[in-house]
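Computed from a predicted model, the values in this text were never measured in an experiment.
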Amino acid sequence: MRTGAGPARAGGDAAGAVAVAGRDSFARIVAALIRVTGDWTLAEDCAQEALALALERWPADGVPANPGGWLMTVARNRAVDALRRASTERRKLEEVAVLALTGPGPGTGKEQVVDDRLRLIFTCCHPALPLEGRVALTLRTVCGVPTADIARAFLVSESTMTRRLTRAKTKIADAGIPYRVPAGPALAERLPGVLAVLYLLFTRGYDAEGEPAFADEAIRLARLLERLMPDEPEISGLLALFLFQHSRRDARRDGDGDLLTLDRQDRSRWDHSAIAEGLAALARTRQDRAQARRGGAGAGEDSAGVRLGGPAAGPDGPYVLQARIAACHATAAFADATDWTAIAACYDALARIQPSPVIQLNRAVAHGYAYGPAAGLELLAAARAGGALDGYPPALAAEADLIARDGGRDRAAALFRRAAALADGEAERRALLDRADRLLA
(Lines give C-alpha, C1' and ligand atoms only; values in the text may rest on other atoms or scores of the structure.)
Protein backbone atom coordinates (compact mmCIF):
# COMPACT_ATOMS: atom_id res chain seq x y z
CA MET A 1 0.00 0.00 0.00
CA ARG A 2 1.27 3.47 -0.92
CA THR A 3 0.33 6.92 0.31
CA GLY A 4 -0.81 9.67 -2.03
CA ALA A 5 -3.20 9.82 -5.00
CA GLY A 6 -0.73 9.30 -7.82
CA PRO A 7 2.68 10.26 -9.18
CA ALA A 8 2.07 14.02 -9.00
CA ARG A 9 1.22 14.03 -5.34
CA ALA A 10 3.82 11.36 -4.58
CA GLY A 11 6.47 13.48 -6.30
CA GLY A 12 5.45 16.55 -4.32
CA ASP A 13 5.49 14.71 -1.00
CA ALA A 14 8.48 12.45 -1.55
CA ALA A 15 11.33 14.74 -0.53
CA GLY A 16 9.62 15.67 2.71
CA ALA A 17 8.73 12.05 3.41
CA VAL A 18 12.34 11.00 2.86
CA ALA A 19 13.55 13.73 5.21
CA VAL A 20 11.11 12.68 7.93
CA ALA A 21 11.83 8.98 7.49
CA GLY A 22 15.56 9.63 7.51
CA ARG A 23 15.35 11.67 10.68
CA ASP A 24 13.27 9.02 12.42
CA SER A 25 15.04 5.91 11.09
CA PHE A 26 18.67 6.79 10.33
CA ALA A 27 19.94 6.01 13.83
CA ARG A 28 17.91 2.79 13.99
CA ILE A 29 19.33 1.55 10.70
CA VAL A 30 22.93 2.52 11.44
CA ALA A 31 22.75 1.10 14.97
CA ALA A 32 21.30 -2.22 13.80
CA LEU A 33 23.89 -2.64 11.05
CA ILE A 34 26.79 -1.69 13.33
CA ARG A 35 25.64 -4.27 15.87
CA VAL A 36 25.75 -7.03 13.27
CA THR A 37 28.67 -6.02 11.04
CA GLY A 38 30.86 -4.08 13.45
CA ASP A 39 31.63 -1.77 10.51
CA TRP A 40 30.65 1.86 11.17
CA THR A 41 31.46 3.10 7.68
CA LEU A 42 29.54 0.28 6.00
CA ALA A 43 26.50 0.93 8.21
CA GLU A 44 26.47 4.67 7.44
CA ASP A 45 27.06 4.12 3.73
CA CYS A 46 24.19 1.63 3.50
CA ALA A 47 21.83 3.98 5.34
CA GLN A 48 22.78 6.86 3.06
CA GLU A 49 22.34 4.69 -0.04
CA ALA A 50 18.86 3.76 1.17
CA LEU A 51 17.95 7.44 1.53
CA ALA A 52 19.35 8.22 -1.93
CA LEU A 53 17.32 5.39 -3.46
CA ALA A 54 14.19 6.65 -1.70
CA LEU A 55 14.68 10.09 -3.26
CA GLU A 56 14.93 8.38 -6.64
CA ARG A 57 12.06 5.91 -6.27
CA TRP A 58 9.40 7.52 -4.06
CA PRO A 59 8.48 10.43 -6.38
CA ALA A 60 7.44 7.92 -9.06
CA ASP A 61 6.28 4.96 -6.94
CA GLY A 62 4.72 6.84 -4.03
CA VAL A 63 5.72 6.87 -0.38
CA PRO A 64 5.62 3.39 1.21
CA ALA A 65 3.12 2.69 3.97
CA ASN A 66 6.07 1.95 6.27
CA PRO A 67 8.88 4.32 5.17
CA GLY A 68 11.25 3.28 7.97
CA GLY A 69 10.78 -0.38 7.16
CA TRP A 70 11.46 0.29 3.47
CA LEU A 71 14.70 2.11 4.31
CA MET A 72 15.78 -0.65 6.72
CA THR A 73 15.16 -3.32 4.08
CA VAL A 74 17.15 -1.47 1.42
CA ALA A 75 20.02 -0.72 3.81
CA ARG A 76 20.09 -4.35 4.98
CA ASN A 77 20.20 -5.61 1.40
CA ARG A 78 23.05 -3.21 0.60
CA ALA A 79 24.95 -4.55 3.62
CA VAL A 80 24.36 -8.14 2.53
CA ASP A 81 25.65 -7.35 -0.97
CA ALA A 82 28.73 -5.59 0.40
CA LEU A 83 29.56 -8.45 2.75
CA ARG A 84 29.13 -10.99 -0.02
CA ARG A 85 31.49 -9.03 -2.23
CA ALA A 86 34.00 -8.97 0.59
CA SER A 87 33.60 -12.74 1.12
CA THR A 88 32.69 -12.18 4.76
CA GLU A 89 31.98 -15.31 6.76
CA ARG A 90 28.57 -16.89 6.45
CA ARG A 91 27.64 -16.20 10.08
CA LYS A 92 27.61 -12.44 9.58
CA LEU A 93 25.53 -12.77 6.44
CA GLU A 94 23.01 -14.82 8.38
CA GLU A 95 22.93 -12.24 11.17
CA VAL A 96 22.34 -9.40 8.73
CA ALA A 97 19.53 -11.38 7.17
CA VAL A 98 17.87 -11.60 10.58
CA LEU A 99 17.33 -7.84 10.36
CA ALA A 100 14.56 -8.63 7.90
CA LEU A 101 12.62 -9.95 10.86
CA THR A 102 13.70 -7.43 13.51
CA GLY A 103 14.16 -4.20 11.64
CA PRO A 104 11.28 -3.22 9.34
CA GLY A 105 9.51 -0.85 11.69
CA PRO A 106 8.43 0.12 15.15
CA GLY A 107 6.05 -2.78 15.49
CA THR A 108 8.65 -5.49 14.96
CA GLY A 109 11.64 -6.36 17.10
CA LYS A 110 11.08 -3.21 19.10
CA GLU A 111 13.26 -4.06 22.07
CA GLN A 112 16.23 -4.93 19.87
CA VAL A 113 15.91 -1.66 17.97
CA VAL A 114 15.67 0.33 21.20
CA ASP A 115 18.75 -1.40 22.56
CA ASP A 116 20.63 -0.69 19.33
CA ARG A 117 19.93 3.03 19.43
CA LEU A 118 20.89 3.28 23.07
CA ARG A 119 24.09 1.31 22.43
CA LEU A 120 24.93 3.64 19.57
CA ILE A 121 24.57 6.77 21.73
CA PHE A 122 26.71 5.36 24.53
CA THR A 123 29.37 4.13 22.11
CA CYS A 124 29.60 7.50 20.35
CA CYS A 125 29.94 9.18 23.76
CA HIS A 126 32.56 6.81 25.19
CA PRO A 127 35.01 8.66 27.50
CA ALA A 128 37.99 7.17 25.65
CA LEU A 129 37.17 9.55 22.78
CA PRO A 130 38.00 13.28 22.98
CA LEU A 131 34.94 15.42 23.78
CA GLU A 132 34.81 17.12 20.37
CA GLY A 133 35.17 13.70 18.75
CA ARG A 134 32.19 12.45 20.73
CA VAL A 135 30.05 15.41 19.66
CA ALA A 136 31.07 15.08 16.00
CA LEU A 137 30.53 11.30 15.96
CA THR A 138 27.10 11.72 17.60
CA LEU A 139 26.12 14.31 15.00
CA ARG A 140 27.30 12.15 12.12
CA THR A 141 26.20 8.68 13.24
CA VAL A 142 23.19 9.24 15.49
CA CYS A 143 21.79 12.38 13.85
CA GLY A 144 22.92 11.79 10.27
CA VAL A 145 24.26 15.35 9.92
CA PRO A 146 26.45 15.69 6.79
CA THR A 147 30.18 15.89 7.47
CA ALA A 148 30.38 19.26 5.71
CA ASP A 149 27.84 20.78 8.12
CA ILE A 150 29.69 19.39 11.15
CA ALA A 151 32.97 20.79 9.80
CA ARG A 152 31.38 24.23 9.39
CA ALA A 153 30.17 24.19 12.99
CA PHE A 154 33.65 23.25 14.26
CA LEU A 155 35.30 25.84 11.95
CA VAL A 156 37.46 23.24 10.18
CA SER A 157 37.61 21.94 6.63
CA GLU A 158 35.49 18.99 5.56
CA SER A 159 38.63 16.90 4.98
CA THR A 160 39.83 17.67 8.52
CA MET A 161 36.47 16.65 9.99
CA THR A 162 36.47 13.48 7.89
CA ARG A 163 39.83 12.55 9.38
CA ARG A 164 38.58 13.26 12.90
CA LEU A 165 35.57 11.05 12.40
CA THR A 166 37.74 8.31 10.94
CA ARG A 167 40.09 8.52 13.92
CA ALA A 168 37.15 8.25 16.31
CA LYS A 169 35.83 5.14 14.58
CA THR A 170 39.31 3.65 14.43
CA LYS A 171 39.75 4.32 18.14
CA ILE A 172 36.54 2.43 18.86
CA ALA A 173 37.75 -0.54 16.83
CA ASP A 174 41.39 -0.57 17.97
CA ALA A 175 40.61 0.00 21.65
CA GLY A 176 37.93 -2.68 21.62
CA ILE A 177 35.32 -0.24 22.94
CA PRO A 178 32.25 -2.43 23.49
CA TYR A 179 29.11 -1.64 21.54
CA ARG A 180 26.78 -1.78 24.52
CA VAL A 181 25.06 0.19 27.26
CA PRO A 182 26.96 -0.21 30.53
CA ALA A 183 25.12 -1.76 33.46
CA GLY A 184 25.01 -1.10 37.20
CA PRO A 185 27.49 1.43 38.60
CA ALA A 186 29.14 1.83 35.18
CA LEU A 187 25.88 3.24 33.79
CA ALA A 188 25.75 5.91 36.50
CA GLU A 189 29.37 6.77 35.74
CA ARG A 190 28.87 7.02 31.98
CA LEU A 191 25.49 8.79 31.82
CA PRO A 192 26.85 12.24 32.82
CA GLY A 193 29.31 12.01 29.92
CA VAL A 194 26.49 11.25 27.48
CA LEU A 195 24.44 14.16 28.83
CA ALA A 196 27.47 16.46 28.60
CA VAL A 197 27.75 15.64 24.89
CA LEU A 198 24.08 16.49 24.35
CA TYR A 199 24.53 19.71 26.36
CA LEU A 200 27.50 20.76 24.21
CA LEU A 201 25.58 19.83 21.07
CA PHE A 202 22.67 22.02 22.17
CA THR A 203 24.99 24.88 23.07
CA ARG A 204 26.59 24.77 19.62
CA GLY A 205 23.12 25.30 18.19
CA TYR A 206 21.83 27.83 20.71
CA ASP A 207 24.83 30.18 20.83
CA ALA A 208 24.42 33.48 19.00
CA GLU A 209 26.64 32.29 16.15
CA GLY A 210 25.54 28.64 16.34
CA GLU A 211 23.71 26.34 13.95
CA PRO A 212 20.03 26.12 15.11
CA ALA A 213 19.62 22.63 13.63
CA PHE A 214 22.12 21.31 16.17
CA ALA A 215 19.90 22.53 19.01
CA ASP A 216 16.96 20.78 17.37
CA GLU A 217 19.00 17.55 17.15
CA ALA A 218 19.99 17.80 20.83
CA ILE A 219 16.33 18.12 21.80
CA ARG A 220 15.40 15.16 19.60
CA LEU A 221 18.14 13.01 21.15
CA ALA A 222 17.15 14.06 24.68
CA ARG A 223 13.55 13.03 23.95
CA LEU A 224 14.79 9.70 22.62
CA LEU A 225 17.08 9.11 25.58
CA GLU A 226 14.28 9.89 28.02
CA ARG A 227 12.02 7.36 26.29
CA LEU A 228 14.75 4.74 26.45
CA MET A 229 15.73 5.50 30.08
CA PRO A 230 12.58 6.93 31.71
CA ASP A 231 13.75 6.54 35.31
CA GLU A 232 16.75 8.89 35.04
CA PRO A 233 15.72 12.35 36.36
CA GLU A 234 18.77 14.10 34.94
CA ILE A 235 17.68 13.15 31.41
CA SER A 236 14.24 14.67 32.01
CA GLY A 237 15.91 17.70 33.55
CA LEU A 238 18.20 18.15 30.56
CA LEU A 239 15.28 17.86 28.14
CA ALA A 240 13.33 20.44 30.15
CA LEU A 241 16.32 22.79 30.15
CA PHE A 242 16.69 22.52 26.37
CA LEU A 243 13.00 23.18 25.79
CA PHE A 244 12.87 26.23 28.06
CA GLN A 245 15.95 27.75 26.44
CA HIS A 246 14.93 26.94 22.88
CA SER A 247 11.42 28.33 23.43
CA ARG A 248 12.95 31.81 23.11
CA ARG A 249 14.68 31.21 19.77
CA ASP A 250 12.29 33.41 17.74
CA ALA A 251 12.39 36.28 20.24
CA ARG A 252 16.14 36.55 20.79
CA ARG A 253 16.74 39.08 17.99
CA ASP A 254 15.11 42.33 16.96
CA GLY A 255 14.08 43.33 13.46
CA ASP A 256 17.68 44.20 12.59
CA GLY A 257 18.97 40.82 13.73
CA ASP A 258 20.56 42.15 16.93
CA LEU A 259 20.45 40.10 20.14
CA LEU A 260 17.96 41.11 22.82
CA THR A 261 18.47 40.55 26.54
CA LEU A 262 15.83 38.48 28.30
CA ASP A 263 14.09 41.51 29.82
CA ARG A 264 13.63 43.13 26.38
CA GLN A 265 12.20 40.11 24.55
CA ASP A 266 8.59 39.96 23.40
CA ARG A 267 7.33 37.07 25.50
CA SER A 268 4.31 36.56 23.26
CA ARG A 269 6.80 35.28 20.67
CA TRP A 270 8.12 32.57 22.96
CA ASP A 271 7.17 29.02 22.03
CA HIS A 272 4.65 28.29 24.77
CA SER A 273 4.05 24.73 23.60
CA ALA A 274 7.76 24.06 24.18
CA ILE A 275 7.48 25.63 27.63
CA ALA A 276 4.53 23.36 28.43
CA GLU A 277 6.51 20.33 27.27
CA GLY A 278 9.43 21.49 29.42
CA LEU A 279 7.21 21.77 32.48
CA ALA A 280 5.91 18.27 31.85
CA ALA A 281 9.47 16.95 31.56
CA LEU A 282 10.44 18.73 34.77
CA ALA A 283 7.46 17.11 36.49
CA ARG A 284 8.88 13.71 35.57
CA THR A 285 12.04 14.19 37.60
CA ARG A 286 12.23 11.90 40.58
CA GLN A 287 11.79 14.49 43.31
CA ASP A 288 8.72 15.96 41.62
CA ARG A 289 7.12 12.51 41.30
CA ALA A 290 7.76 11.90 45.00
CA GLN A 291 6.38 15.35 45.77
CA ALA A 292 3.22 14.61 43.80
CA ARG A 293 2.72 11.38 45.76
CA ARG A 294 2.90 13.41 48.99
CA GLY A 295 -0.11 15.46 48.04
CA GLY A 296 0.17 17.64 44.96
CA ALA A 297 0.94 21.28 44.49
CA GLY A 298 1.84 23.48 47.40
CA ALA A 299 3.72 26.67 48.09
CA GLY A 300 6.28 27.43 45.43
CA GLU A 301 4.70 25.07 42.88
CA ASP A 302 2.58 25.63 39.79
CA SER A 303 -0.79 24.04 39.15
CA ALA A 304 0.84 20.96 37.63
CA GLY A 305 2.74 20.24 40.83
CA VAL A 306 6.09 21.29 39.36
CA ARG A 307 8.32 22.87 41.93
CA LEU A 308 9.67 25.96 40.19
CA GLY A 309 11.49 27.45 43.12
CA GLY A 310 14.28 26.29 45.40
CA PRO A 311 15.72 22.82 45.57
CA ALA A 312 13.32 19.94 46.10
CA ALA A 313 13.23 17.75 49.18
CA GLY A 314 15.88 15.41 47.80
CA PRO A 315 19.18 16.22 46.11
CA ASP A 316 18.61 17.35 42.54
CA GLY A 317 21.30 16.90 39.92
CA PRO A 318 22.84 19.80 38.01
CA TYR A 319 20.58 19.55 34.96
CA VAL A 320 17.40 19.40 37.03
CA LEU A 321 18.56 22.48 38.97
CA GLN A 322 19.34 24.35 35.76
CA ALA A 323 15.93 23.36 34.42
CA ARG A 324 14.25 24.77 37.54
CA ILE A 325 16.12 28.04 37.00
CA ALA A 326 15.07 28.14 33.34
CA ALA A 327 11.48 27.36 34.34
CA CYS A 328 11.39 30.43 36.59
CA HIS A 329 12.29 32.57 33.58
CA ALA A 330 9.99 30.73 31.17
CA THR A 331 6.90 31.02 33.39
CA ALA A 332 7.32 34.69 34.39
CA ALA A 333 4.65 36.77 32.63
CA PHE A 334 7.05 39.72 32.45
CA ALA A 335 10.65 40.37 33.50
CA ASP A 336 9.84 42.00 36.84
CA ALA A 337 7.71 39.00 37.80
CA THR A 338 10.72 36.65 37.71
CA ASP A 339 11.18 34.77 40.99
CA TRP A 340 14.82 35.71 41.57
CA THR A 341 14.78 34.46 45.15
CA ALA A 342 13.94 30.97 43.89
CA ILE A 343 16.61 31.25 41.18
CA ALA A 344 19.20 32.31 43.75
CA ALA A 345 18.30 29.31 45.92
CA CYS A 346 18.76 26.98 42.96
CA TYR A 347 22.15 28.52 42.18
CA ASP A 348 23.16 28.07 45.81
CA ALA A 349 22.39 24.35 45.48
CA LEU A 350 24.10 24.16 42.09
CA ALA A 351 27.24 25.86 43.39
CA ARG A 352 27.51 23.25 46.14
CA ILE A 353 27.64 20.35 43.68
CA GLN A 354 29.27 22.12 40.71
CA PRO A 355 31.37 25.01 42.07
CA SER A 356 32.75 26.23 38.73
CA PRO A 357 33.63 29.90 38.14
CA VAL A 358 30.77 30.27 35.64
CA ILE A 359 28.24 28.87 38.11
CA GLN A 360 29.59 31.24 40.76
CA LEU A 361 29.24 34.10 38.27
CA ASN A 362 25.61 33.25 37.55
CA ARG A 363 24.96 32.85 41.27
CA ALA A 364 26.27 36.37 41.84
CA VAL A 365 23.92 37.74 39.17
CA ALA A 366 20.94 35.90 40.70
CA HIS A 367 21.71 37.19 44.19
CA GLY A 368 22.13 40.68 42.73
CA TYR A 369 18.57 40.57 41.43
CA ALA A 370 17.15 38.79 44.47
CA TYR A 371 18.88 40.75 47.24
CA GLY A 372 20.25 43.90 45.61
CA PRO A 373 23.27 44.89 43.50
CA ALA A 374 25.62 45.12 46.48
CA ALA A 375 25.01 41.46 47.37
CA GLY A 376 25.66 40.45 43.78
CA LEU A 377 28.87 42.49 43.51
CA GLU A 378 30.19 40.92 46.72
CA LEU A 379 29.65 37.40 45.36
CA LEU A 380 31.06 38.43 41.98
CA ALA A 381 34.25 39.65 43.61
CA ALA A 382 34.60 36.30 45.36
CA ALA A 383 33.99 34.43 42.08
CA ARG A 384 36.70 36.46 40.33
CA ALA A 385 39.24 36.12 43.12
CA GLY A 386 41.05 33.16 41.57
CA GLY A 387 41.47 34.87 38.21
CA ALA A 388 39.52 32.29 36.22
CA LEU A 389 37.05 34.93 35.02
CA ASP A 390 39.66 37.50 33.98
CA GLY A 391 38.96 38.72 30.46
CA TYR A 392 35.70 36.75 30.30
CA PRO A 393 33.11 39.00 28.58
CA PRO A 394 30.05 37.68 30.50
CA ALA A 395 31.81 38.46 33.80
CA LEU A 396 32.47 42.05 32.70
CA ALA A 397 28.89 42.34 31.45
CA ALA A 398 27.54 41.01 34.75
CA GLU A 399 29.61 43.50 36.70
CA ALA A 400 28.43 46.28 34.40
CA ASP A 401 24.78 45.32 34.87
CA LEU A 402 25.07 45.21 38.67
CA ILE A 403 26.92 48.55 38.78
CA ALA A 404 24.33 50.15 36.49
CA ARG A 405 21.54 48.97 38.78
CA ASP A 406 23.49 50.47 41.68
CA GLY A 407 23.57 53.87 39.94
CA GLY A 408 27.01 53.84 38.28
CA ARG A 409 25.87 54.28 34.68
CA ASP A 410 29.10 55.79 33.27
CA ARG A 411 31.30 53.12 34.82
CA ALA A 412 28.88 50.41 33.72
CA ALA A 413 28.93 51.69 30.12
CA ALA A 414 32.72 51.53 30.11
CA LEU A 415 32.61 47.92 31.34
CA PHE A 416 30.11 46.97 28.64
CA ARG A 417 32.49 48.42 26.04
CA ARG A 418 35.39 46.45 27.51
CA ALA A 419 33.29 43.29 27.32
CA ALA A 420 32.40 44.08 23.69
CA ALA A 421 36.08 44.43 22.78
CA LEU A 422 36.71 40.92 24.11
CA ALA A 423 33.59 39.26 22.65
CA ASP A 424 34.11 36.43 20.15
CA GLY A 425 31.05 36.89 17.95
CA GLU A 426 29.80 39.96 16.10
CA ALA A 427 26.23 39.56 17.37
CA GLU A 428 27.41 39.45 20.99
CA ARG A 429 29.70 42.45 20.42
CA ARG A 430 26.88 44.56 18.98
CA ALA A 431 24.55 43.61 21.84
CA LEU A 432 27.10 44.71 24.46
CA LEU A 433 27.76 48.01 22.68
CA ASP A 434 24.01 48.61 22.49
CA ARG A 435 23.74 48.15 26.25
CA ALA A 436 26.50 50.71 26.75
CA ASP A 437 24.82 53.19 24.42
CA ARG A 438 21.45 52.82 26.12
CA LEU A 439 23.01 53.62 29.51
CA LEU A 440 24.40 56.89 28.18
CA ALA A 441 21.37 57.91 26.11
Side-chain angles (χ1 to χ4, degrees), residues 19-32 34-35 47 66-69 71-72 102-125 134 138-139 141-145 179-183 186-188 190-202 205 213-247 271 273-290 292 304 306 317 319-320 322-323 327:
V20 171
R23 185 177 64 245
D24 293 343
S25 304
F26 188 86
R28 283 191 177 97
I29 296 168
V30 172
I34 289 174
R35 171 175 53 83
N66 183 354
L71 291 171
M72 178 69 86
T102 62
T108 319
K110 180 178 178 182
E111 291 307 315
Q112 184 63 65
V113 171
V114 166
D115 287 346
D116 283 341
R117 286 184 292 167
L118 198 53
R119 278 196 287 263
L120 184 58
I121 291 172
F122 272 87
T123 304
C124 287
C125 299
R134 292 178 230 165
T138 300
L139 282 168
T141 309
V142 183
C143 306
V145 177
Y179 183 61
R180 66 167 182 255
V181 178
L187 176 60
R190 287 274 302 280
L191 183 59
V194 172
L195 299 184
V197 168
L198 297 190
Y199 187 90
L200 183 56
L201 176 58
F202 178 83
F214 288 4
D216 291 332
E217 288 294 348
I219 291 171
R220 188 176 71 86
L221 287 177
R223 287 187 181 120
L224 170 63
L225 201 59
E226 190 193 38
R227 288 201 302 272
L228 300 180
M229 303 176 70
D231 296 325
E232 293 290 343
E234 280 288 83
I235 299 175
S236 299
L238 185 67
L239 174 60
L241 175 61
F242 289 170
L243 290 164
F244 293 140
Q245 298 288 75
H246 209 46
S247 70
D271 184 346
S273 64
I275 293 172
E277 185 185 351
L279 290 171
L282 190 54
R284 292 192 291 272
T285 63
R286 186 169 299 158
Q287 278 71 45
D288 282 314
R289 289 200 300 271
V306 176
Y319 294 119
V320 173
Q322 289 179 72

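Summarising the geometry of G278 relative to A240, their closest heavy-atom pair is O-CB, 3.4 Å, with the distance given to 0.1 Å. The two residues D271 and S273 come nearest to each other via the heavy atoms OD1-OG, 2.6 Å. Annotation for T123 and Y179: closest pair OG1-CD1, 3.3 Å, computed over non-hydrogen atoms. Pairing each heavy atom of L198 with each of F242, the nearest pair is O-CZ, 3.5 Å. Closest non-hydrogen pair, T285 versus G237, comes out as CG2-N, 4.0 Å. When all heavy atoms of A47 and I29 are compared, the closest pair comes out as CB-CG2, 4.0 Å.
Of the inter-residue distances, the one linking I235 atom CD1 with L221 atom CG reads 11.5 Å to the nearest 0.5 angstrom. With rounding to the nearest 0.5 angstrom, the CG atom of L195 is 8.5 Å from the CD atom of E232. Rounded to the nearest 0.5 angstrom, L71 CG and R28 CZ are separated by 11.5 Å. Atom-to-atom distance recorded for T138:OG1 and L201:CG is 7.5 Å, nearest 0.5 angstrom. Atom CD of residue E234 and atom CG of residue L241 lie 10.0 Å apart, to the nearest 0.5 angstrom. Distance check, rounded to the nearest 0.5 Å: CZ of R134 to CD1 of I121 gives 14.5 Å.
Using a 4.5 Å cut-off on side-chain heavy atoms (C-beta onward), L238 and Q322 make no contact. Contact of the F202 side chain with the E217 side chain is not registered, since no non-hydrogen atoms from C-beta on lie closer than 4.5 Å. Between L187 and M229 there is a side-chain heavy-atom pair separated by less than 4.5 Å. Between L282 and S236 there is no side-chain heavy-atom pair separated by less than 4.5 Å. Residues I219 and L243 meet the side-chain proximity criterion, which asks for heavy atoms closer than 4.5 Å.
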Verdict with reasoning, R223 to E226, per salt bridge (charged side-chain N to carboxylate O under 4.0 Å, His left out):
CA-CA 5 Å; R223 287 187 181 120; E226 190 193 38; over 6 Å; no
Stepwise, does the side chain to side chain contact (heavy atoms under 4.5 Å, CB included) test hold for L120 with R35?
CA-CA 9 Å; L120 184 58; R35 171 175 53 83; over 6 Å; no
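Between the side chain of R190 and the main chain of F122, a donor-acceptor pair closer than 3.5 Å is present. In this structure, the side chain of S247 engages the main chain of F244 through a donor-acceptor pair within 3.5 Å.
The aromatic rings of Y319 and Y199 lie tilted to each other, with the angle between the two planes from 30° to 60°.
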